[in-house]
Amino acid sequence: MNFLRGVMGGQSAGPQHTEAETIQKLCDRVASSTLLDDRRNAVRALKSLSKKYRLEVGIQAMEHLIHVLQTDRSDSEIIGYALDTLYNIISNDEEEEVEENSTRQSEDLGSQFTEIFIKQQENVTLLLSLLEEFDFHVRWPGVKLLTSLLKQLGPQVQQIILVSPMGVSRLMDLLADSREVIRNDGVLLLQALTRSNGAIQKIVAFENAFERLLDIISEEGNSDGGIVVEDCLILLQNLLKNNNSNQNFFKEGSYIQRMKPWFEVGDENSGWSAQKVTNLHLMLQLVRVLVSPTNPPGATSSCQKAMFQCGLLQQLCTILMATGVPADILTETINTVSEVIRGYQVNQDYFASVNAPSNPPRPAIVVLLMSMVNERQPFVLRCAVLYCFQCFLYKNQKGQGEIVSTLLPSTIDATGNSVSAGQLLCGGLFSTDSLSNWCAAVALAHALQENATQKEQLLRVQLATSIGNPPVSLLQQCTNILSQGSKIQTRVGLLMLLCTWLSNCPIAVTHFLHNSANVPFLTGQIAENLGEEEQLVQGLCALLLGISIYFNDNSLESYKKEKLKQLIEKRIGKENFIEKLGFISKHELYSRASQKPQPNFPSPEYMIFDHEFTKLVKELEGVITKAIYKSSEEDKKEEEVKKTLEQHDNIVTHYKNMIREQDLQLEELKQQVSTLKCQNEQLQTAVTQQVSQIQQHKDQYNLLKIQLGKDNQHQGSYSEGAQMNGVQPEEIGRLREEIEELKNNQELLQSKLTEKDSVIENLKSSQTSGTNEQSSAIVSARDSEQVAELKQELATLKSQLNSQSVEITKLQTEKQELLEKTEVFAKSVEVQGETETVIATKTTDVEGRLSALLQETKELKNEIKALSEERTAIKEQLDSSNSTIAILQTEKDKLELEITDSKKEQDDLLVLLADQDQKILSLKNKLKDLGHPVEEEDELESGDQEDEDDESEDPGKDLDHI
């Protein structure tokens with residue numbers, strides 16, 4: 001610092017030379033000093049000189065300052081000084097006022113230094129890396145310096161940041177900084193970064209910028225917030241304007257729904273500060289960016305749909321009909337509502353149903369039209385109302401029909417208690433104010449745009465001009481005003497209305513030509529040589545006459561196409577006619593009106609052309625020129641070709657309609673087939689379930705039947721027992737036959753046994769009575785063999801007999817049992833009728849139970865369906881609860897951050913209080929030393945403590961008192 005004082009002390013001798021030397025010495029000190037403190041002091045000195053001696057410091061010190069940023073990153077203080085110095089060198093903020101009134105010699109000084117700085121792309125990358133430092137003295141000047149670089153040479157710096165790894169992502173972190181200064185300057189930095197660069201806009205948007213910016217706007221109080229809200233809204237406009245990708249991302253992210261609270265301005269409308277007006281104006285412009293007519297139609301309609309579904313359109317209509325709203329906000333709100341409803345039928349129908357809070361209530365359209373035709377209203381407001389009316393009728397044939405119907409005799413209120421939109425348009429059309437004439441004519445032309453039905457209906461409108469005179473048609477009244485030579489603006493508006501009315505409507509052309517004064521008036525206007533101001537009227541008259549030729553159906557003998565062309569050739573000349581027709585598209589205001597649908601004029605005298613009319617001129621100018629030069633033979637050929645084409649078109653249209661109907665029928669049949677398939681599948685499932693249930697019931701029935709049979713068997717019912725055991729009367733007969741057969745076999749065996757016994761006896765007798773020994777010996781040998789054989793055969797017969805006897809005994813037992821059962825059966829015949837009755841009754845009960853089970857199954861199905869619906873509803877509630885929990889968790893995190901910051905601030909305050917106590921104590925000691933009496937706080941505190949001790953020593957007194 002002593003060095004600085006010495007250097008600065010010699011400024012009076014030679015200011016310029018001394019300052020240059022000082023800067024050079026400081027630069028040498030920054031470059032050569034080994035001590036960090038010396039370098040820091042030198043950079044601080046350069047910072048103090050950089051504002052006043054910007055050029056000198058920039059030339060000599062920039063390289064050294066960049067070197068400091070590279071080498072001394074560990075010291076945040078010197079980095080902060082270096083960044084501030086570079087900012088002072090590059091920024092033009094303090095020179096703007098001077099540059100406006102000077103020769104602008106140093107106009108590009110900032111851009112030159114910026115070019116030097118970014119020549120080495122590593123410098124920008126270094127600056128981006130410094131922004132990651134959390135230290136306030138580094139991050140804040142870094143943000144300001146980068147913002148200044150973007151202001152000076154935006155595209156070049158944007159390109160460097162774009163190719164830098166994670167460059168944009170680092171800058172997005174600034175929005176999450178808890179220090180509002182850095183966060184707010186970060187918003188300004190992103191404004192400069194995203195300007196006119198679609199690639200960076202997409203990256204910023206996908207880095208969750210919408211969420212963060214909307215959170216900041218909400219935290220700051222929406223439209224009641226300060227300039228931070230304004231900066232966020234400008235950044236949102238940069239991200240969304242002319243960027244279809246970001247607009248779609250904004251819509252798909254459900255961010256449109258978060259815009260609704262912006263427009264909840266309340267009913268009192270008393271606190272309209274300048275900042276609130278600015279914020280609300282930007283919010284309305286942001287809505288218009290999403291639904292701009294220049295956007296793709298699909299994107300615009302999806303945004304319009306979302307705005308209606310979330311209630312944003314309804315909120316805008318509330319502001320529209322509110323009282324006490326500033327004029328510029330009301331105007332911008334009308335323009336915003338216009339584009340939200342433009343070309344979207346649902347929104348247009350809603351707008352038609354909006355009523356103003358008056359007594360009696362009036363449609364908002366009528367109230368707005370009253371402002372449009374009122375010459376005391378501001379010009380911009382009248383333009384906004386006209387735009388709103390045009391957007392309401394754009395591609396809205398239903399709305400066009402409603403407006404035209406208010407002019408027809410059958411729908412006009414005879415009592416005159418209410419004013420309709422059609423009456424207001426007619427009143428404006430024929431008023432003395434030329435601006436009202438023009439606005440009403442253009443509005444009425446939009447009610448006829450691309451709608452042949454309403455063009456024919458408008459021919460029925462009759463006007464009462466004065467008492468006692470017959471009514472005049474609206475078409476004739478318009479031509480009468482034209483012939484009276486009114487103001488140019490009025491005539492231009494009426495001619496645009498007539499051209500729109502007659503185009504593509506041969507019936508209207510016939511009505512127009514039926515008045516014999518119209519064609520001579522037009523030819524007279526075109527043929528005259530008038531000044532430049534009247535050339536536009538001549539061109540419009542030529543266009544109207546050309547429309548009368550091109551759309552002429554030759555129904556009037558005196559005004560056929562050929563006769564009108566001959567009239568033009570004789571009185572005007574074809575070349576002259578085409579030249580006058582070209583005056584329209586060559587007019588300086590024509591191209592301006594053809595750019596945007598919104599009637600945006602700086603002053604009333606510029607209000608000449610309508611956007612839709614310029615499209616009509618572009619469409620008809622060429623075909624009218626061809627029609628004028630065509631001969632009668634070519635016309636005939638063209639008419640024949642037209643007729644052929646019309647027939648062909650009719651045939652094609654017929655087949656298209658047939659195909660369309662067949663497609664519809666096919667779609668219906670497909671839907672029916674799919675429905676029947678679904679029903680079939682459901683019925684198949686039901687049949688399968690019913691079959692399984694019937695099988696279950698059959699099984700239950702069989703079980704019950706078996707149980708019933710067992711019960712009857714225990715009661716001794718032979719019929720039930722016989723049936724259950726399978727024993728029938730046929731089986732009884734068969735058993736009897738077997739018994740008889742067994743008896744016969746037994747008798748046969750018994751006879752054989754008797755014969756054998758007799759043979760044995762004979763042999764025995766013959767054996768004892770032999771006469772000679774020889775014969776007896778032979779006989780005895782033979783007899784012994786026969787006896788052995790007979791004994792063996794006898795044993796076999798005995799065993800067979802025994803088995804037969806056992807079998808006979810068994811069969812006799814079975815016979816006895818069957819006889820007993822037969823007797824029981826004979827006795828139970830009388831009871832059988834009663835048993836069958838009981839079985840029938842039980843069968844009926846089983847069938848009843850079966851039907852009850854089917855009914856119960858049906859009820860269970862209904863309950864299952866109801867439970868599934870309830871489960872779906874619970875799932876939706878769970879999803880909404882999860883989203884609410886996520887929002888609350890985010891808020892909780894924010895509150896925790898705030899609590900942490902508050903604790904840090906409390907700790908800082910405690911440290912400050914401790915320092916303050918030390919200072920007070922030292923001051924008291926000094927006062928004591930000087931002899932001033934000082935009352936000790938300890939004495940006071942001890943007195944208070946004694947009082948407290950007295951009270952605490954005798955708690956019994958308090959208890960006794962209580």
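Being a predicted model, the structure only gives us computed values, none of them experimental.
- With hydrogens and angles ignored, the 3.5 Å screen pairs no side-chain donor or acceptor of Q489 with any backbone N or O of E605.
- The CG atom of L369 lies 12.0 Å from the CZ atom of R382; values are rounded to the nearest 0.5 Å.
- Proximity of a side-chain donor or acceptor of Q400 to a complementary backbone N or O of Q449 within less than 3.5 Å is detected.
- Of the possible polar contacts, one joining the N347 side chain to the V340 backbone as a donor-acceptor pair under 3.5 Å is found.
- Between the side chain of S292 and the backbone N or O of R288, no donor-acceptor pair lies under 3.5 Å.
- The backbone N or O of Y394 lies less than 3.5 Å from a partner atom in the side chain of Q348, making a donor-acceptor pair.
- Using cut-offs of 30° and 60° for the angle between ring planes, the F392 and F389 rings count as tilted.
- Under the salt bridge (charged side-chain N to carboxylate O under 4.0 Å, His left out) rule, E534 has a single partner from K487, K580, R491, which is R491.
- Closest non-hydrogen pair, F577 versus I572, comes out as N-CG2, 3.9 Å.
- To the nearest 0.5 angstrom, I341 atom CD1 is 7.5 Å from C317 atom SG.
- Judged by distance alone, the side chain of N504 and the main-chain N or O of E450 form no donor-acceptor pair under 3.5 Å.
- Here the side chain of N244 pairs no donor or acceptor atom with the backbone of N295 at under 3.5 angstrom.
- Other residues, nucleotides and ligands contribute more than 12 heavy atoms inside 6.0 Å of the CD atom of E621.
- Summarising the geometry, atom NZ belonging to K574 is positioned 14.5 Å from atom CG belonging to L581; distances are rounded to the nearest 0.5 Å.
- To the nearest 0.5 Å, atoms CG (L475) and CG (L459) are separated by 6.5 Å.
- Of the possible donor and acceptor atoms, none in the side chain of W272 sits under 3.5 Å from a partner among the backbone N and O of V325.
- Within a 6.0 Å sphere centred on CD1 of I507, heavy atoms belonging to other residues, nucleotides or ligands number 12 at most.
- Judged by distance alone, the side chain of Q538 and the main-chain N or O of Q525 form a donor-acceptor pair under 3.5 Å.
- The nearest pair of heavy atoms linking S473 to Q462 is N-OE1, 3.6 Å.
- Nearest heavy atoms, A445 versus T500: O-CG2, 3.7 Å.
- Within a 6.0 Å sphere centred on NZ of K241, other residues, nucleotides and ligands contribute 12 heavy atoms or fewer.
- A donor-acceptor pair is defined here as one N or O able to donate and one able to accept, closer than 3.5 Å; such a pair exists between the side chain of Y590 and the backbone of T614.
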